[in-house]
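Working notes for the structure below.
Residue indices begin at 1 and follow the sequence shown.
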Amino acid sequence: MKVRSLKKDKVNVITLGCSKNLVDSEVLMGQLRANEFDVSHESEKDDSNIIIVNTCGFIDNAKQESIDTILRYAEAKEMGQIDKLYVTGCLSQRYKDSLEAEIPQVDAYFGTLEMPQLLKKLEADYKHELIGERLITTPSHFAYFKIAEGCNRPCSFCAIPLMRGKHVDRPIEDLVKEAKRLASMGTKELVLIAQDLTYYGLQHYGERKLADLLRNLSDVEGIDWIRMQYAYPSQFPMEVFDVMNERENICKYLDMPLQHISDNMLKTMRRGISKRRTIELVDQIRQRVPDIALRTTLIAGHPGETDKDFQELYDWVEETRFERLGIFTYSHEENTHSHTLEDNVPDEVKQERADAIMELQQGISVELNEEKVGKTYKVLFDRKESGYFVGRTQYDSPEVDNEVLVPADSQYVRLGDFANVKITDASDFDLYGEVVCKLV
C-alpha cells in the first residue's frame, strides 16, 4: 500500500521599507519557525509555496515598490507558481480596502498589528512566550532593536501614525532579556530604532526613560556597540549624553531627523520646535559630546516652501556641517494635514533643491573624511565586497552611512570582528585604511 506524502509548506517573507519593518518580519519568521514552518527571507529560490509581503506605505516611491511587488507575486499565483499570497505591513494597514478591490488575487491582507491573525490564517499559534525572539536577517553581529511602536507626534506631512498607531513602549526588562538573547547568538551591535526614541518611557512609565534603558542595555555582556536612530528633537532627554560619555559601548552617534530650519516651515510642518531652539540643541549636543557624529534628514519642497525658506535651509546645512545627512523630496500623503495644503512646489524644483543640498553635503563629507586620514579607529567589519573588507566606525550606522575599506589582497579580517584601522585615504563617503591590530 502506497502512502501519499504531502509536501511541507515553505514560506518566503519579503520585506520592503525601513528597519522597523525588517524587525517585524524577523519576529514573524521566529513565530513561524516555532510553529515548525520552513521559512526563509527574500529567498532567490523559487521553492516557496507561500509568500508573505511586508509592505511599506511611507511615501510615493515606497508605495509603488510595494504595489509592484504584490502584483509580481499575484501573477505568480495566477500562473500556479505559488499557492498562497498574504500581504501585511504599512501599505496594507493604510489602504486595505482599496488593495482588496484592486488586487483580489491576494488571499488576505493584514495591518501592522495583526500578526496573530496572520498566523491564525496559516493555522499557526501566536506564541506569547516568544516575545522578543526573532530570526535575524542582518549579519549576525548587528541587529536592529525596536524599543517602541507607533508615534504620538503631530507632524503635518507624516502618515506614520495612521499606519502604526499611537506610541507604545516595550518594558525595559523585556528589552534587556532580548538583548541578552541576541548577545548569546553573537550580536555585538544593537541599533536602537522606533518611530520616536525621544518619547521612550512616557507611555509605559510616565516619564522619559531612554537614558535608563541605555544604562541597562550597556550592562549586557557581549554588547560592544549601542547606537540610536530616529530621535525627535523636541524635548530630547539631554541626560542621554551623560550616559554616552559614561559608557564606552554607547556609540557617539545620534540620528535626529530635523526636517527643516526656517521658522515658517517648522511651523507649517508642526514640528513643535523653532529655528533658535534647533540651533541651540545642536550646539548643546556638540558641547556635551564634542566628537559625536550627528545624522539628520531633511525635506525639500514641502507645501509653502519658498526660495527664501530653501536658502535658509541651505545656509544652515553649510554652517552646521552635519557629519551625516540625507534629504527627501516632499510626498503629498493622503489624510495628513499637509495634504490639505496646495502641493505648490513643482516636482522638478523639489528635486533641484534636494540635489543642491546633497551636493553641498558631499563637499562637507569629503572635508570631514580627509580630517580622519592618519588617525586610527575601531572598525566593525560587515562584509567582503569588490576586493575589500568593508566595515564601519562607531560613527556610522549600517546601510546608510560611511564605510571603511581595507584591501583584501594584502590583509585579512574575520567578518563580525573588530579591528583598529589606520585611515590612509578618504573619498566623499568612504574611508580607506590598513589594519593596525585585530581586536577580540
Give a yes-or-no answer on whether the side chains of [X] and [Y] include a donor-acceptor pair shorter than 3.5 Å.
| X | Y | answer |
| --- | --- | --- |
| Asn49 | Asp9 | yes |
| Asn420 | Thr376 | no |
| Thr187 | His141 | no |
| Gln64 | Asp68 | yes |
| Tyr253 | Asp401 | yes |
| Ser218 | Arg247 | yes |
| Glu403 | Tyr432 | no |
| Glu434 | Gln411 | no |

- Message: Restricting to ring pair (Phe, Tyr, Trp, His ring centres under 6.0 Å), what partner residues turn up for His260, sequence neighbours left out?
- Response: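 Once residues adjacent in sequence are excluded, His260 has no partner under the ring pair (Phe, Tyr, Trp, His ring centres under 6.0 Å) criterion.
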- Query: Is Glu207 salt-bridged to Lys209, cutoff N-O under 4.0 Å?
  - Reply: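 Yes, Glu207 and Lys209 are salt-bridged.
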- Message: For the aromatic rings, using the six-membered ring if either is Trp, is the centroid distance between Phe389 and Tyr412 under 6.0 Å?
- Response: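 Ring-ring flag for Phe389/Tyr412: true, centres closer than 6.0 Å.
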- Tell me whether the centres of the aromatic rings in Tyr232 and Tyr200 are closer together than 6.0 Å.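 No, the ring centres sit 6.0 Å or more apart.
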- Query: So which pairs with a foot in residues 17-44 pass salt bridge (Lys or Arg N to Asp or Glu O under 4.0 Å), sequence neighbours left out?
  - Reply: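 Listed once each, the pairs are Asp24-Lys146, Asp24-Arg164, Glu26-Arg134.
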Taking everything shown except [X] itself, do over 12 heavy atoms lie less than 6.0 Å from its [atom1]?
| X | atom1 | result |
| --- | --- | --- |
| Lys120 | NZ | no |
| Phe328 | CZ | no |
| Lys84 | NZ | no |
| Gln117 | CD | yes |

- Task: Mind telling me whether Trp225 and Phe418 have parallel, tilted or perpendicular rings, with 30° and 60° as the class edges?
- Result: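 Rings of Phe418 and Trp225: perpendicular, as their planes differ by over 60°.
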- Looking at side-chain heavy atoms only, is the closest gap between Met256 and Ile285 below 4.5 Å?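 Yes, side chains in contact.
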